[in-house]
Amino acid sequence: MNTFSQEDNLDISKSSPTPADSPLANNDLSGLIQFGLTEAANDQFTAIILKDSDLVPGRVARVDGISTFVQTASVDYRAVSTFARIAHKDEAEIEPAQPTVGDWVLVRLGEDQNPDEIELVLPRISLLSRKRVMRGKEQGDEQILASNINTVFVVQAATYFNPSRLEREIALVWGSGATPVVVITKIDLLEEGQDSTGTVAQAKESAPGVEVFAASGITGDGTESLRKYTEAGTTVVLIGASGVGKSTLVNQLMGQQAMETAEIRESDTRGRHTTVTRQLLRLPNGGVLIDTPGIRTIGLVSGSENALAKTFSDVEEYMWKCRFSDCGHGGEPGCAIAEAIKGGKLSQTRFDSYMRMGRELQLEETKRDAAAKTDNQRRMKVVAKTNRQRAKAEKREKY
Ligand SMILES: Nc1nc2c(ncn2[C@@H]2O[C@H](COP(=O)(O)OP(=O)(O)OP(=O)(O)O)[C@@H](O)[C@H]2O)c(=O)[nH]1
Ligand SMILES: [Mg+2]
Ligand SMILES: [Zn+2]
């Protein structure tokens, strides 16, 4: 257990002092303001602690293999989470939870040699996850990246901007419940006569309705405009490929070397996967940043149809205008998509991305249905077996 000091410059004067005999006295919630405590989380914590004052509220700051690091008002716990479940209002509702970075949790301290345990996880207001893909081979499962985030900084470098990757990243964020913001980094590396205007315009085209900023994590240029997303009580997570400058930007916003950074490979401009665990960091003003390791491939999880529609709102807008409601956009008369492409209002590449990602999601759905079917078959087998055993036992009892 290592204690860390409270920030001096926090405005916690608004919360009234807790009487010493209140169950809340041991669980000073105002101390969690430095970790981005929201009013909703505050209220849910209060309700739970009033019933069970042994539970200690905190926020998950890092997860590594078996341990989950929870930061509370005064102490940093390394906890296990074998039996963690979501704290539903209806206590009869049991939903197991795998705590992730950003989660608001309640820890029960272990007595004697027993480990501290995360018992409850507050319902998440947003959850960023992706389908895990390793070297082109599907892992089949989902990787949860972070929870309870307001904004996601989708980071790309001006020196190797990749619009089709951006589309995927934006779709991933829209699926999480958080708001994407594009940050084009390394603008200081642009050659003389070149500026970020073109890339910003291109990013806006790939991400309609999303704010786009250009910045340098090294010089700090453009980073001040990002501060409106990092106010007290808000959480921002940074995602992007390795080497685009996420940690450098984090350090710039933190005003200190909070994260390690490393040179990219010159041969192919790829990063070296310097950041290896997701890490929650406190900004001096009460906002929270979560730095993440670079992701190589962005796989969309099943159920992302709405996210896709939001990402390609421009494409979908034309689609409503096709003459036939079941238009396949393959040369039918009165196809608004074909017209828009011909008229230069919509790019062919963007339409192709939309179709490709749509097909991918459809495949995910089919796979999910198949998995559900297998699950169900397995379940039915168990039910049948139990019934047979029960019938046998009843028979035995009779004689
Ligand atoms: N000139 C310049 N270099 C930058 C900028 N941002 C990052 N870099 C450099 O790019 C390299 C990679 O930066 P990191 O911040 O480690 O990248 P990352 O996105 O955190 O990478 P991973 O942790 O591997 O995912 C380092 O050498 C940084 O100094 C920038 O705005 N300008
Ligand atoms: Mg990094
Ligand atoms: Zn059409």
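Order of listing sets the numbers, starting from 1, for every ligand and every atom in it.
Crowding of Glu205 atom CD: a count of heavy atoms from other residues, nucleotides or ligands under 6.0 Å not exceeding 12. Atom CD of Gln194 sits in a crowded spot, with more than 12 heavy atoms from other residues, nucleotides or ligands closer than 6.0 Å.
Remark: minimum distance from atom 21 (O) of ligand 1 to any protein heavy atom is reached at Gly243 N, 2.9 Å. Scanning all protein heavy atoms for the shortest distance to atom 8 (N) of ligand 1 gives Lys186 CE, 3.6 Å. For atom 23 (O) of ligand 1, the closest non-hydrogen atom of the protein is Thr275 OG1, 2.7 Å. Closest to atom 17 (O) of ligand 1 among all protein heavy atoms lies Gly245 N, 3.2 Å. Nearest protein heavy-atom neighbour of atom 31 (O) of ligand 1: Gly217 N, 2.8 Å. The shortest contact between atom 14 (P) of ligand 1 and any protein heavy atom is with Thr248 OG1, 3.5 Å. Protein heavy atom at the shortest distance from atom 24 (O) of ligand 1 is Ser242 OG, 2.6 Å. Regarding atom 26 (C) of ligand 1, its nearest protein heavy-atom neighbour is Ala262 O, 3.1 Å.
Residue contacts with ligand 1: Gly294 is placed with a nitrogen or oxygen under 3.5 Å of a nitrogen or oxygen of the ligand (distance criterion only). Ligand 1 has no N or O atom lying under 3.5 Å from any N or O atom of Asp291, backbone or side chain. Considering backbone and side-chain atoms alike, Lys246 places an N or O below 3.5 Å from some N or O of ligand 1. Here's the thing with Ile264: none of its N/O atoms is less than 3.5 angstrom from an N/O atom of ligand 1. The N/O atoms of Thr292, backbone and side chain alike, include none that comes under 3.5 Å of an N/O atom in ligand 1.
With no hydrogens or angles considered, no side-chain donor-acceptor pair links Asn148 and Thr235 at under 3.5 Å.
Taking the Zn ion (ligand 3) as the corner point, the angle from Cys327 atom SG to Cys335 atom SG is about 110° (rounded to 10 degrees). When rounded to 10 degrees, the angle formed at the Mg ion (ligand 2) by OG1 (Thr275) and OG (Ser247) equals 90°.
Remark: Lys342 does not engage Glu339 in a salt bridge, criterion side-chain N to carboxylate O under 4.0 Å.
Evaluated by nearest non-hydrogen atom to atom 32 (N) of ligand 1, the leading choice among Leu238, Thr261, Asp188, Ile239 is Asp188. Within the set Leu190, Val244, Ile218, the minimum heavy-atom distance to atom 4 (C) of ligand 1 is found for Ile218.
Within the 4.5 Å cutoff, side-chain heavy atoms of Phe312 are placed close to those of Glu167.
Among heteroatoms of the N, O or S kind in His329, ND1 lies nearest the Zn ion (ligand 3).
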Run the numbers on Val173 and Thr151 for side chain to side chain contact (heavy atoms under 4.5 Å, CB included), then give the verdict.
CA-CA 9 Å; Val173 180; Thr151 309; over 6 Å; no
